[in-house]
Amino acid sequence: MIHIAICDDDLKVTQQIEMLIMDTQHNFAEQIEVYIFYSGESFSNAVRSGCPFDIICMDIEMTGMDGITAGHTLRANDENDAVQLIYISSHEEYHLQLFDVQPSGFIKKPIDTDNFNNKLIPSIHKAIRKRQQGTINFLPVHQKGKEVLVPFRDIMYLESNIRQVILNTRVDRIEYYGTLNEEEKKLPIREFIRIHQSYIVNFYFIKEILSRKIILTTGIELPISEKNSSSVRKHYLKFRGDLIGT
């Protein structure tokens, strides 16, 4: 069973999304079940005790709790990292705010059927694969004789210093023995890229790419090597395109 939640305070929109979701049922052997929430508060209350959903279609601007705040409630529990969060809104200016909750996509209102299907169907296939294969959403870090699991979504960038790796997260810097070549193999290529011999960056935290450096959402600037410059731009544009459904 694939569990999909819709959270939108517009009755007509929720009906349209539910119809579009159920119209894709013929593509899958697994049954699709849809849950509808008409407010961010009701959705948040439902996920606080455990999230049964594989995919969530979330409006941004709602009366009361908005979709970004509801998304933070979802992501507050590391066990929900695998849940795919697709935002649906008539406003595109929220992109930088959305990065904190790491959405898997963005669909613009009014909803175009083809665009919706192009985003939803791969998401359902991905949910099925994850269920079959199991999901790893953490980077294992060995430090002082113990293993620490750091969620991918909290990692801003990694840097190397001789035989040490410095892991820069939203709230901490973790130093441990290792190499970026080793760590690069453990990270999902959809979200992380090597920009320099000494740096790997999480796409979600990139604010701007210039000719020889990137600027993170925190204001930190990191160098891009000349040989990686073209590849970084290409893959970042694909990441942004996949995110907003273009």
Side-chain angles (χ1 to χ4, degrees), residues 1-22 32-111 115-116 119-120 122-124 126-127 130-131 135 137-138 151-156 169-171 190-191 202-205 207 217-218 239-240 242-245:
M1 182 80 73
I2 298 297
H3 303 277
I4 302 178
I6 302 169
C7 184
D8 196 308
D9 59 359
D10 187 318
L11 177 61
K12 290 184 178 179
V13 172
T14 60
Q15 291 175 337
Q16 180 189 13
I17 295 172
E18 182 178 21
M19 180 186 69
L20 290 173
I21 291 172
M22 297 315 299
I32 296 174
E33 187 165 355
V34 176
Y35 305 77
I36 297 177
F37 300 92
Y38 294 105
S39 70
E41 289 88 350
S42 60
F43 169 82
S44 296
N45 289 335
V47 301
R48 283 193 181 101
S49 58
C51 180
F53 312 121
D54 301 292
I55 300 168
I56 297 162
C57 298
M58 176 83 72
D59 187 21
I60 294 178
E61 293 190 334
M62 294 183 285
T63 302
M65 181 184 290
D66 61 59
I68 297 174
T69 303
H72 280 291
T73 302
L74 173 75
R75 297 303 189 205
N77 187 337
D78 292 341
E79 294 182 1
N80 297 335
D81 281 359
V83 179
Q84 298 177 76
L85 180 56
I86 300 174
Y87 278 104
I88 301 176
S89 175
S90 56
H91 301 276
E92 295 187 26
E93 65 270 19
Y94 291 101
H95 282 159
L96 290 179
Q97 297 176 53
L98 297 184
F99 284 173
D100 282 344
V101 291
Q102 298 205 354
S104 57
F106 182 95
I107 297 173
K108 188 174 181 180
K109 292 181 180 179
I111 299 171
N115 188 24
F116 184 87
K119 183 61 61 178
L120 181 70
S123 296
I124 295 176
K126 183 177 181 180
K130 283 185 175 181
R131 185 171 300 171
T135 305
N137 295 295
F138 302 88
F152 291 146
R153 64 185 174 90
D154 288 344
I155 300 172
M156 294 193 298
T169 73
R170 299 169 187 262
V171 297
R190 179 185 176 276
E191 299 173 21
N202 187 336
F203 277 133
Y204 281 105
F205 290 96
K207 179 180 180 181
T217 54
T218 58
F239 167 79
R240 288 296 296 267
D242 290 344
L243 188 65
I244 65 176

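Positions are given from 1, in the same order as the sequence printed here. Basis for what follows: all heavy atoms, side chains included, without hydrogens, waters or symmetry-related copies. On a predicted model such as this, the values are computed, not experimentally measured, just so you know.
- For D66, the salt bridge (Lys or Arg N to Asp or Glu O under 4.0 Å) criterion is met by no residue, not counting sequence neighbours.
- Checked against salt bridge (Lys or Arg N to Asp or Glu O under 4.0 Å), K109 has the following partners two or more places apart in sequence or in another chain: D8, D59.
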Could you check I4 against I56 for side-chain contact (heavy atoms from CB on, under 4.5 Å), going step by step and ending with a plain yes or no? CA-CA 6 Å; I4 302 178; I56 297 162; over 6 Å; no
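- Ring centers of F239 and F203: under 6.0 Å apart, within the cut-off.
- Within the 4.5 Å cutoff, side-chain heavy atoms of I60 are placed close to those of I68.
- Smallest separation of non-hydrogen atoms from L74 and N80: O-ND2, 2.8 Å.
- One finds the CG atom of L85 at 9.0 Å from the SG atom of C57 (value rounded to the nearest 0.5 Å).
- Once rounded to the nearest 0.5 Å, the distance linking CD of E191 with CG of N202 reads 6.0 Å.
- R75 is linked by a salt bridge (Lys or Arg N to Asp or Glu O under 4.0 Å) to nothing, counting only residues two or more places apart in sequence or in another chain.
- A search for side chain to side chain donor-acceptor pair (under 3.5 Å) contacts involving S39 returns S42, not counting sequence neighbours.
- Two rings, from F152 and F138, have their centers 6.0 Å or more apart.
- Counting only residues at least two apart or on different chains, no salt bridge (charged side-chain N to carboxylate O under 4.0 Å, His left out) pair has a member in residues 33-52.
- When all heavy atoms of V101 and G71 are compared, the closest pair comes out as CG1-C, 3.5 Å.
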Extract all donor-acceptor atom pairs below 3.5 Å that involve side chains of residues 10-19 and protein atoms in other chains or at least two apart in sequence.
residue	atom	partner	partner atom	Å
D10	OD1	K12	N	3.0
D10	OD1	V13	N	3.3
T14	OG1	L11	O	2.7

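- Atom SG of C7 and atom CE of M62 lie 3.5 Å apart (nearest 0.5 Å).
- The closest side-chain heavy-atom distance from I32 to M22 is below 4.5 Å.
- Within the 3.5 Å criterion, the main-chain N or O of M65 finds no donor-acceptor partner in the side chain of T69.
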What verdict does the side-chain contact (heavy atoms from CB on, under 4.5 Å) test give for M156 and T218, after you've listed the backbone C-alpha separation in whole Å, the side-chain angles of each residue and the deciding distance to 0.1 Å? CA-CA 9 Å; M156 294 193 298; T218 58; 3.7 Å; yes
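- I21 places a side-chain heavy atom less than 4.5 Å from the side chain of F116.
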Please step through side-chain contact (heavy atoms from CB on, under 4.5 Å) for the pair S89 and M58, ending with a clear verdict. CA-CA 8 Å; S89 175; M58 176 83 72; over 6 Å; no
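- In terms of modelled atom types and a separation under 3.5 Å, the side chain of D54 and the main chain of A127 share no donor-acceptor contact.
- Residue pairs that meet the salt bridge (charged side-chain N to carboxylate O under 4.0 Å, His left out) test with at least one member in residues 76-86, sequence neighbours left out, are D78-R153, D81-R153.
- The side-chain heavy atoms of I107 and I86, taken from C-beta on, include a pair separated by under 4.5 Å.
- A donor-acceptor pair under 3.5 Å is formed between the side chain of Y204 and the backbone N or O of P103.
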Is there a side-chain contact (heavy atoms from CB on, under 4.5 Å) between V83 and I55 once you walk through the steps? CA-CA 6 Å; V83 179; I55 300 168; over 6 Å; no
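- Annotation: side chain of F106 is not in contact with side chain of K119 (no heavy-atom distance under 4.5 Å).
- Partners of F43 under the ring-ring contact (aromatic ring centres under 6.0 Å, His included) rule, at least two apart in sequence or in another chain, are F37.
- For D9, there are no salt bridge (Lys or Arg N to Asp or Glu O under 4.0 Å) partners at least two apart in sequence or on another chain.
- The minimum heavy-atom distance linking Q84 with S123 is given by the pair NE2-O, 2.8 Å.
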